[in-house]
Amino acid sequence: MLDIQFIRDNQDLVQTKAKQKGYDVDISKLIELDGRRRSLLSEIDKVRSQRNDLAAQMKGAKPTPEQIDQGKRLKEKIVELETEFSPIEVAYNQLLRAVPNVTQEGVPIGGEEDSVEIKKVGEQKTGARDHLDVALSRDWVDFERGAKVAGNKFYYLKGDLALLENAVTQFALNFVRQKGFTYMTVPHMVNSRVLTGTGFAPRTSDQSDEYAIENEDLSLIGTAEIPLTGYHADEIIDEDKLPLLYAGLSPCYRKEAGTYGKHTRGLFRVHQFNKLEMYAFTLPEKSNEMHERLLALEEELWQAIGIPYHVINIASGDLGAPAAKKYDIEYWSPVDGKYRELTSCSNCTDYQARNLNIRVRRNDGRVEMLHSLNGTAVSLARSLVAIIENFQTADGHVVVPEVLRLFMGNQAEI
RNA sequence: GGAAGGGUGUCCGAGCGGUUUAAGGAAACGGUCUUGAAAACCGUCGUGCCGGCAACGGUACCGUGGGUUCGAAUCCCACCCCUUCCGCCA
């Protein structure tokens, strides 16, 4: 969520930015609730103050009946005011949490088609075979038995492709460790607070992309970003310890409801995939720099593997609520003759931090919200699609990218 | 799943109805001393909200949510989490 003080001071800006993101929130309504909430709270505080004074008078001596009677009246008054306060507080919190993060300067305004390409790297080949055709012909993937055992869009990876997945993982893991990230495995389920605090739709809502566990306040994670964001919840971290860099490897579970028809064939969009996610907690003034660094790392990694790509600056309407700015790397698909999403890298500024109460203690003693950022290192199922499409040979084999061979028993081709 | 114990500020830890305005210690910061450092000594030191230009004042917060009371960190109920033991188990 945003700082209410910031919203008060920048009502028009917040309203405009929310609209540009496609969020239908009424800032004037929030301001009105905020006003009523504050005036009521100050009234309550006043009566509480009287109660506390009275209680202090009664300390030591035996209270008189008059004092007890007055105390009772004050108590009733407080209950009365609190009853009035409670629904306002609930509505206020609901509305406040619905306000999306303010986008940064340089974020293109508009929908998906308005995202701006800022860089293009590598050769744009054409005429490759679809990854699923290749994988099926080599018996590398089994969606039919995935469906039998779990359901539609579940799959088994087999043999060399499964090994290739492991090789990509190992390569990426070594890469991020060399760059200073602490490797972590994470809980694959999280509670509602962490889920919604990270900026995902509540598990109870229709829009939730997460699988919820029945009769438990737990959801399967859609990305390691969620447990990594929650890792430092309610903590105050010394300035000298920042930035904190983590790399979380986890399976990602997503319902992907309503996305059918959007390139559903094969491994590109599935209900479960593994992913190595980079995560950073930084000082507020350092998050933009870190955002560029995360993008640079993603580029370095994918250049090392040898995948052609471009980088796009995501338009406002395509940003999630917590993101202030987002870069995607899209790889070149020689099958479709266009770019398709491969990684994503967001600066969430202090939005997630405020939700989950993650702060920094500056060297001068001040305490403030820190900033959080996340970026995909490798999203495994998609990585395999990109590699099969860009490294296939005429006879249906796949050349193993050089940097991965070490992790594939030095095979040059599979 | 069963039993017992426990969740207090950056950390450790006391408090178990009204001198809690949360003791004491550690860490941190400032100072004295010192050639410098350490030690010692002195001082400062929780977070949020509201009001105020500010000094400051008010209020809330001792796992979470209810309840009892004139008054709750303290008593009662429910739930969550942690530790130990037992059971089960990769």
Side-chain angles (χ1 to χ4, degrees), chain A residues 1-9 30-97 185-197 202-203 212-219 227 230-242 244 251 281 283-284 350-370:
Chain A
M1 66 178 133
L2 290 176
D3 181 6
I4 186 62
Q5 188 63 53
F6 177 84
I7 297 175
R8 274 180 216 139
D9 296 343
L30 175 62
I31 294 297
E32 186 213 318
L33 279 171
D34 173 50
R36 286 171 62 195
R37 178 181 176 276
R38 277 197 287 170
S39 71
L40 213 46
L41 202 53
S42 101
E43 250 184 274
I44 292 173
D45 279 356
K46 224 176 285 170
V47 185
R48 278 175 176 159
S49 174
Q50 290 170 23
R51 177 199 60 188
N52 291 347
D53 285 346
L54 185 67
Q57 285 170 31
M58 283 185 237
K59 214 163 14 179
K62 202 171 169 64
T64 67
E66 288 76 24
Q67 283 176 321
I68 289 176
D69 194 53
Q70 197 191 349
K72 279 185 177 167
R73 279 205 306 276
L74 287 173
K75 185 162 76 166
E76 277 161 24
K77 181 72 184 161
I78 289 169
V79 168
E80 193 181 302
L81 288 168
E82 281 175 345
T83 306
E84 192 183 344
F85 178 75
S86 167
I88 292 171
E89 173 80 349
V90 169
Y92 164 80
N93 275 317
Q94 214 168 8
L95 206 48
L96 178 60
R97 287 181 171 271
T185 63
V186 299
H188 297 171
M189 298 184 204
V190 294
N191 59 35
S192 316
R193 182 192 174 211
V194 169
L195 182 71
T196 56
R203 42 185 262 119
I213 306 299
E214 214 176 337
N215 299 324
E216 306 266 1
D217 181 30
L218 288 172
S219 297
Y231 186 67
H232 287 298
D234 297 318
E235 293 183 24
I236 299 175
I237 296 161
D238 287 335
E239 174 171 353
D240 295 339
K241 298 223 170 73
L242 297 177
L244 287 165
F281 292 102
L283 291 172
D350 61 1
Y351 194 85
Q352 294 176 325
R354 189 168 292 103
N355 284 340
L356 291 175
N357 198 26
I358 313 170
R359 293 168 292 178
V360 52
R361 186 187 305 282
R362 311 299 301 231
N363 289 333
D364 62 12
R366 267 171 34 245
V367 171
E368 62 182 314
M369 296 300 165
L370 49 66

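Every chain is numbered from 1, with letters handed out A, B, ... down the list of sequences. Since we're looking at a predicted model, the values are computed, not measured.
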If you draw a 6.0 Å radius around [atom1] in [X], do more than 12 non-hydrogen atoms from other residues or ligands fall strictly inside?
{"X": "A/Tyr231", "atom1": "OH", "value": "no"}
{"X": "A/Glu82", "atom1": "CD", "value": "yes"}
{"X": "A/Arg48", "atom1": "CZ", "value": "yes"}

N/O-N/O pairs, protein side and nucleotides 59-64 of chain B side, under 3.5 Å:
| residue | atom | partner | partner atom | Å |
| --- | --- | --- | --- | --- |
| B/U59 | OP1 | A/Ser49 | OG | 3.4 |
| B/U59 | OP1 | A/Asn52 | ND2 | 3.3 |
| B/U59 | O2' | A/Asp45 | OD1 | 2.7 |
| B/U59 | O2' | A/Arg48 | NH1 | 3.4 |
| B/A60 | OP1 | A/Arg51 | NH2 | 2.7 |
| B/A60 | OP2 | A/Asn52 | ND2 | 3.4 |

> Below 4.0 angstrom from OP1 or OP2 of B/C80, is there any side-chain N or O of A/Arg193?
Replying inline: no
> How far apart are the C-alpha atoms of A/Ile236 and A/Val360, what are their side-chain angles, what is the distance that settles it, and do they pass the side chain to side chain contact (heavy atoms under 4.5 Å, CB included) test?
Replying inline: CA-CA 5 Å; A/Ile236 299 175; A/Val360 52; over 6 Å; no
> After noting the C-alpha distance and the side-chain angles of A/His232 and A/Leu244, does the key distance pass the side chain to side chain contact (heavy atoms under 4.5 Å, CB included) rule?
Replying inline: CA-CA 10 Å; A/His232 287 298; A/Leu244 287 165; 3.5 Å; yes
Please state the [atom1] separation for the pair [N] and [M] - nearest whole angstrom.
{"N": "B/U64", "M": "B/A73", "atom1": "C1'", "result": "15 Å"}
{"N": "B/G67", "M": "B/C11", "atom1": "P", "result": "30 Å"}
{"N": "B/C76", "M": "B/G6", "atom1": "P", "result": "12 Å"}
{"N": "B/G5", "M": "B/G46", "atom1": "C1'", "result": "28 Å"}
{"N": "B/G52", "M": "B/A38", "atom1": "C1'", "result": "45 Å"}
{"N": "B/U83", "M": "B/G25", "atom1": "P", "result": "31 Å"}
{"N": "B/U74", "M": "B/C16", "atom1": "C1'", "result": "4 Å"}
{"N": "B/G13", "M": "B/A4", "atom1": "P", "result": "24 Å"}

> With respect to A/Glu368, which candidate in A/Arg361, A/Arg354, A/Arg362 satisfies the salt bridge (charged side-chain N to carboxylate O under 4.0 Å, His left out) definition?
Replying inline: A/Arg362
Quick one: look up who [N] pairs with, Watson-Crick or G-U, both distances under 3.5 Å, and put none if it's unpaired.
{"N": "B/G9", "result": "none"}
{"N": "B/A78", "result": "B/U64"}
{"N": "B/A3", "result": "B/U84"}
{"N": "B/U44", "result": "B/A28"}
{"N": "B/G57", "result": "B/C50"}
{"N": "B/C89", "result": "none"}

>> Quick check on side chain to side chain contact (heavy atoms under 4.5 Å, CB included): which of A/Leu218, A/Leu195, A/Thr196 does A/Val190 satisfy it with?
In response: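 When side chain to side chain contact (heavy atoms under 4.5 Å, CB included) is applied between A/Val190 and each of A/Leu218, A/Leu195, A/Thr196, only A/Leu195 qualifies.
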> Does any non-hydrogen side-chain atom of A/Leu33 lie less than 4.5 Å from one of A/Ile88?
Replying inline: yes
Starting from [atom2] on [N], measure out to [atom1] on [X] and report it in whole angstrom.
{"X": "A/Glu239", "N": "B/C29", "atom1": "CD", "atom2": "C1'", "result": "14 Å"}
{"X": "A/Arg354", "N": "B/G48", "atom1": "CZ", "atom2": "P", "result": "11 Å"}
{"X": "A/Lys72", "N": "B/U68", "atom1": "NZ", "atom2": "C1'", "result": "12 Å"}
{"X": "A/Leu96", "N": "B/C49", "atom1": "CG", "atom2": "P", "result": "12 Å"}
{"X": "A/Lys77", "N": "B/C70", "atom1": "NZ", "atom2": "C1'", "result": "18 Å"}
{"X": "A/Leu54", "N": "B/U69", "atom1": "CG", "atom2": "P", "result": "16 Å"}
{"X": "A/Glu82", "N": "B/G66", "atom1": "CD", "atom2": "C1'", "result": "13 Å"}
{"X": "A/Asp238", "N": "B/C45", "atom1": "CG", "atom2": "P", "result": "19 Å"}

>> Considering every strand and a 4.0 Å limit on heavy-atom distances, what is the contact class for A/Arg36: base, sugar-phosphate, or nothing?
In response: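 If one applies the 4.0 Å heavy-atom cut-off, A/Arg36 turns out to touch nothing in the nucleic acid.
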> Taking for each residue the nucleotide of RNA chain B with the nearest heavy atom, is it A/Arg38 or A/Ile68 whose nucleotide lies nearer the 5' end?
Replying inline: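 Here A/Arg38 is the residue nearer the 5' end.
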> Which residue lies toward the 5' end of RNA chain B, A/Leu41 or A/Gly71, if each is placed at its nearest nucleotide?
Replying inline: A/Leu41
>> Checking contacts here: which listed nucleotide (B/C70, B/C50, B/C49) is nearest the side-chain heavy atoms of A/Arg8?
In response: B/C50
> Less than 4.0 Å between a side-chain N and a carboxylate O, is that true for A/Arg193 and A/Asp217?
Replying inline: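 Not counted as a salt bridge, because no side-chain N and carboxylate O are separated by less than 4.0 Å.
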> Do the charged groups of A/Glu32 and A/Arg36 touch, with an N to O distance under 4.0 Å?
Replying inline: yes
>> Checking side-chain polar atoms at under 3.5 Å, does A/Gln5 have a donor or acceptor matched by the opposite partner on A/Arg8?
In response: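 Side-chain D/A pair, A/Gln5 to A/Arg8: present.
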Close N/O contacts between protein and nucleotides 7-13 of chain B (under 3.5 Å):
none

